[in-house]
Amino acid sequence: MLKTGWVTPYFIWPNIDPFRRHGSLLDAVPAPGTASTVAEQPGALQVARRLVRDARDQHLGLFEQADPLRLLPFELRFLARRSPPERWVIDLGRNDDTLLAPQAYFQVANSEDRLFVPAEYVPLFVEHGWRRAE
């Protein structure tokens, strides 16, 4: 479905390889400044990101030029629940040390570049050198 552009990813740390491979949550936290490098390592995350990028480039499915998807499923859930986003975001397209505030998720333009981090894990990331961008 990713290949044909009929779904968009919603990556949640640590629920996808390469993060699941680690023996502990402490070891699964990527070093600050390495998100893009880690995301490009061979594995499920790299493949999924490439498939979505290719579908967008080819204007397939949800990325069709004449009728693109306007709201993502998680955005509809925010509206239906009348609650703001809760997960912080790392931009997998960049090698920086920034955790974006939940309400800033849209600053990462492409869905395949968003790694969502549940709020309860943010202190763990900060302890490992990540910084919160409010």
| Okay, side chain of R49, backbone of E112: is any donor-acceptor separation there less than 3.5 Å? | yes
| remark: Taken to the nearest 0.5 Å, the spacing of H59 NE2 from D57 CG works out to 7.5 Å
| field | Inter-residue atom distance T34.OG1 - D97.CG, 0.5 Å rounding | value | 10.5 Å
| task | Could you pull out the closest heavy-atom pair between S111 and R56, with the gap in Å? | result | N-NH2, 3.9 Å
| remark: The ring pair (Phe, Tyr, Trp, His ring centres under 6.0 Å) partner of F116 among F11, Y10, W88 is Y10
| query | Do F63 and V52 come within less than 4.5 Å of each other through their side chains, counting heavy atoms only? | reply | yes
| message | If you define the side chain from C-beta out and look only at heavy atoms, does anything of P85 sit under 4.5 Å from Q103? | response | yes
| Donor-acceptor pair, side chain of N95 and main chain of T37, under 3.5 angstrom | yes
| said: Tell me the closest heavy-atom pair linking W130 and P30, and the distance in Å. | reply: NE1-O, 2.8 Å
| request: Determine whether the aromatic ring centres of F125 and W13 lie less than 6.0 Å apart. | output: yes
| message | Measuring from atom CZ of R70 to atom CD of E75, what distance do you get when rounded to the nearest 0.5 angstrom? | response | 12.5 Å
| request: Please report the C-alpha distance between F19 and L45 in whole Å, then the side-chain angles of each, then the deciding distance to 0.1 Å, and finally whether the side chain to side chain contact (heavy atoms under 4.5 Å, CB included) criterion is met. | output: CA-CA 9 Å; F19 312 111; L45 181 59; 4.1 Å; yes
| query | How far apart are the closest heavy atoms of H22 and P18, and which atoms are they? | reply | CD2-O, 3.4 Å
| said: Nearest 0.5 Å, please: how far is CZ in R94 from CG in D113? | reply: 11.0 Å
| Going from CG on L69 to CG on L71, what distance comes out if it is rounded to the nearest 0.5 angstrom? | 7.0 Å
| Between V29 and Y121, is there a shared hydrophobic cluster once you connect ILVMFWY residues whose side-chain heavy atoms come closer than 4.5 Å? | yes
| For the atom pair CG (L2) and CG (L60), what is the distance rounded to the nearest 0.5 Å? | 12.0 Å
| message | Are more than 12 heavy atoms, taken from residues, nucleotides or ligands other than Q58, located less than 6.0 Å from that residue's CD atom? | response | yes
| Hphob cluster co-occupancy, F106 + L72, side-chain heavy atoms under 4.5 angstrom | yes
| Mind checking whether H128 and L26 have side chains closer than 4.5 Å, heavy atoms only? | yes
| query | Is L115 reachable from L51 through a run of I, L, V, M, F, W or Y residues, each pair having side-chain heavy atoms under 4.5 Å apart? | reply | no
| Heavy-atom side-chain proximity of P73 to R77 below 4.5 angstrom | yes
| query | Taking the inter-plane angle between the rings of F74 and Y105 on a 0 to 90° scale, is it parallel (under 30°), tilted (30 to 60°) or perpendicular (over 60°)? | reply | perpendicular
| Is the closest side-chain heavy-atom distance between T98 and R131 below 4.5 Å? | yes
| task | Flag the pair V89 / V117 as yes when at least one side-chain heavy-atom distance between them is below 4.5 Å, and no otherwise. | result | no
| message | Taking side-chain contact (heavy atoms from CB on, under 4.5 Å) as the criterion, tell me which of T8, L100, L92, V108 meets it with R114. | response | V108
| note | Looking only at heavy atoms, the pair that brings P32 and G129 closest together is CG-C, 3.5 Å
| said: Could you tell me if the side chain of R132 sits less than 4.5 Å from the side chain of V126, heavy atoms only? | reply: yes
| Would you say P102 and R87 make side-chain contact, with heavy atoms under 4.5 Å? | no
